[in-house]
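Reading through the structure tokens given below for one structure.
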Protein chains: 2
Amino acid sequence: MGEARTSVAALRWLDGLELLDQRLLPGRVRWVGVPGAAAAGRAIRNLTVRGAPAIGLAAAYALASEARANPELSQLRRAARLLASARPTGADLARAVGHVLRVIEQAPREDRFERALEAARALHQADVAACLAMGEHGARLFEMGEVSLLTHCNAGALATGGIGTALGIVRVLHAQGRLARLYACEARPVLQGARLTAWEAVQDEIPCTLLADGAAASLLASGAVQGVVVGADRIAADGSVANKVGTYALALAAARHRVPLVVAAPTTTFDMACPTGASIPIEQRSADEVRTLRRHRTAPEGVEVYNPAFDVTPADLVTAIVSERGVARPVTPETVRSIAT
Amino acid sequence: MGEARTSVAALRWLDGLELLDQRLLPGRVRWVGVPGAAAAGRAIRNLTVRGAPAIGLAAAYALASEARANPELSQLRRAARLLASARPTGADLARAVGHVLRVIEQAPREDRFERALEAARALHQADVAACLAMGEHGARLFEMGEVSLLTHCNAGALATGGIGTALGIVRVLHAQGRLARLYACEARPVLQGARLTAWEAVQDEIPCTLLADGAAASLLASGAVQGVVVGADRIAADGSVANKVGTYALALAAARHRVPLVVAAPTTTFDMACPTGASIPIEQRSADEVRTLRRHRTAPEGVEVYNPAFDVTPADLVTAIVSERGVARPVTPETVRSIAT
């Protein structure tokens with residue numbers, strides 16, 4: 001029985017931050033250098049890097065880059081604000097940036113870069129460990145021998161610093177020889193499921209079946225899967241979960257067919273200052289994500305578009321939430337608090 | 001207050017059957033001639049024409065074409081079998097072909113073509129009238145002044161011989177000045193919502209907002225729509241509805257948010273020989289519909305695909321079924337039977 005591992009990474013620090021350009025997957029593997037906060041902000045907004053934990057780590061490293069280029073505090077505070085506001089829904093981003101900025105503020109001017117880089121590396125290592133811990137906690141929820149799981153979007157190595165959140169569970173089960181098959185919703189409009197999750201699965205030889213988002217309810221009705229595993233972008237104090245748009249529909253279908261829905265997210269994704277899902281800001285993205293597919297027009301001009309990047313699944317539809325600290329099950333404000341920090 | 005009408009058509013008989021090639025929409029409007037049953041079978045399978053009622057009409061006209069080319073009964077029976085088996089889920093196809101074949105069998109050899117063409121034209125006219133009647137029955141279900149409706153796939157003029165089934169309701173409300181907005185799910189993988197419904201809406205100046213299928217549950221949660229209207233490919237005796245994959249997920253979200261789900265289909269779509277949804281054959285289509293978008297690869301090679309074209313929504317989630325004969329509400333075997341013929 002092997003260790004859960006992956007050959008896939010979203011970001012790395014060589015002599016500076018480099019991101020795997022996720023916009024080009026699955027067709028091309030290209031690493032791009034990200035010189036500072038402005039470039040990192042663009043890369044986060046344009047989805048070169050995505051996934052709440054990975055975004056947080058990219059921004060942390062980018063702030064360290066800024067500290068090397070210019071250790072002035074006023075400039076670094078400006079860079080931190082720019083990075084923290086690049087995308088609104090994920091909780092990890094502002095937290096990671098705030099953490100590195102505090103380290104910088106407490107360091108002597110000449111040490112700011114090194115301390116910031118140390119802090120970013122520590123966040124990265126913590127995320128690697130958190131993914132492994134979530135994978136193990138989550139895998140123990142599926143005690144029925146071999147299982148097939150359904151996931152949405154990409155909550156994998158490409159979304160984190162480690163083996164992934166939801167895909168961490170998948171990888172642990174796979175390493176234990178207990179994964180029959182991973183079913184992956186494609187996740188329109190940006191197709192992170194088709195382009196990223198399916199690609200990760202092929203890289204790591206995980207048996208994977210892709211489906212259109214609309215086919216998930218009939219898959220759940222068929223009895224083919226024993227669990228739905230997803231990540232999260234922000235988890236409110238009541239256990240409501242903001243995640244990639246489409247998660248809520250999966251949750252409704254899973255509940256109808258009594259298939260457990262397990263949400264996996266590191267403590268950095270929990271936001272105890274959000275009392276309920278209603279207080280989570282939901283990013284609206286460009287109409288052209290829906291009207292086109294990779295520059296190919298799929299809809300007539302003149303049609304308007306509703307394109308929220310995320311939706312909120314209320315806690316009553318979530319069977320369990322897993323963080324590196326353990327499992328909240330049933331999902332209540334008390335159990336959520338117990339695994340949130 | 002105008003009459004509900006449309007500038008859009010899926011098929012026409014000039015000196016032979018012509019189909020609007022729906023694979024090219026919304027980019028190009030091209031009519032293609034369909035010389036006989038073999039060409040019509042291909043056009044049905046490759047989605048040049050789609051939508052259960054439109055497929056039935058196309059096949060009826062194609063059988064008339066065959067009768068002109070060769071009035072031999074054995075040959076016409078073979079053509080009818082070929083046409084009836086072109087796609088398995090929609091109920092209208094076998095019924096329309098069977099009807100025209102019976103007319104042919106009862107006609108003198110020299111009149112077979114003309115009688116068959118008359119029969120196809122009569123089916124077409126009946127569908128025009130059925131769409132109008134469904135639109136009026138359905139519009140009366142929304143008695144709360146101005147409403148916004150959500151639809152899935154394309155149940156419009158492009159799917160029928162008239163103003164559409166679900167879009168018939170939309171067009172009647174629009175003609176009455178009571179439609180605030182039509183929301184259209186794009187309907188991956190083939191994007192009939194984005195390519196066809198949004199195009200029909202633009203042609204007929206119906207205000208329309210497009211969304212990814214996964215965004216529908218959050219739209220319903222937001223309170224923006226007062227009804228979900230869809231068509232059907234086959235309706236079983238218990239009121240279960242086979243329709244474009246993704247309909248079931250919409251039904252679950254509509255039920256959660258107490259938004260009525262109205263299914264509109266002509267009597268030709270009802271199949272009283274199917275006791276429940278479990279007996280409806282569900283077509284599985286090619287993996288490349290999901291792995292590609294218009295020849296652009298969206299997923300890695302080596303990934304498997306689950307691609308059912310339809311799903312089944314159980315009767316308990318359907319608020320009302322509308323045929324040209326009236327409204328089944330609540331949906332029970334008795335009310336369904338009362339509007340099925």
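In the text below, chain A, chain B and the rest are named by the order of the sequence lines, each starting its count at 1. None of the values given here were measured: they were computed from a predicted structure.
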Just verifying a value: how many Å separate T298(A) OG1 and L210(B) CG, rounded to the nearest 0.5 Å?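 Result: 7.0 Å between the selected atoms.
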Drop me the distance from Y248(A)'s OH to L219(B)'s CG, to the nearest 0.5 angstrom.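 Reported value, rounded in 0.5 Å steps: 12.0 Å.
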Name the member of R297(B), H257(B), K244(B) that forms the most heavy-atom pairs with chain A at distances under 4.5 Å.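 Highest number of pairs under 4.5 Å: H257(B).
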Based on non-hydrogen pairs under 4.5 Å, which of P207(B), G214(B), A287(B) is most in contact with chain A?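 Going by pairs under 4.5 Å, I would pick G214(B).
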For [X] and [Y], work out which heavy atoms get closest and say how close.
| X | Y | answer |
| --- | --- | --- |
| P300(B) | V202(A) | CG-CG2, 4.1 Å |
| P26(B) | A299(A) | CG-C, 3.7 Å |
| V305(A) | T209(B) | C-CG2, 3.7 Å |
| L317(A) | R256(B) | CD2-NH1, 3.5 Å |
| V245(B) | S218(A) | CG2-OG, 4.4 Å |
| L252(B) | A253(A) | CD1-CA, 3.7 Å |

Which one of [options] has the most heavy-atom pairs closer than 4.5 Å to chain B?
| options | value |
| --- | --- |
| E186(A), R195(A), R291(A) | E186(A) |
| D311(A), I282(A), V303(A) | V303(A) |
| A212(A), C208(A), A255(A), A249(A) | C208(A) |

What part of [X] lies closer than 4.5 angstrom to a heavy atom of chain A: side chain, backbone, both or neither?
| X | value |
| --- | --- |
| E301(B) | backbone |
| P189(B) | both |
| A224(B) | neither |
| A201(B) | neither |

Which portion of A184(A) sits near chain B, non-hydrogen atoms under 4.5 angstrom: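 No part of A184(A) comes within 4.5 Å of chain B.
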May I ask you to test the R188(B)-D213(A) pair for a side-chain heavy-atom distance under 4.5 Å?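 No, every pair of side-chain atoms sits at 4.5 Å or beyond.
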Heavy-atom neighbours of R45(B) CZ exceed 12 at 6.0 Å: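 For R45(B), atom CZ is crowded (more than 12 foreign heavy atoms under 6.0 Å).
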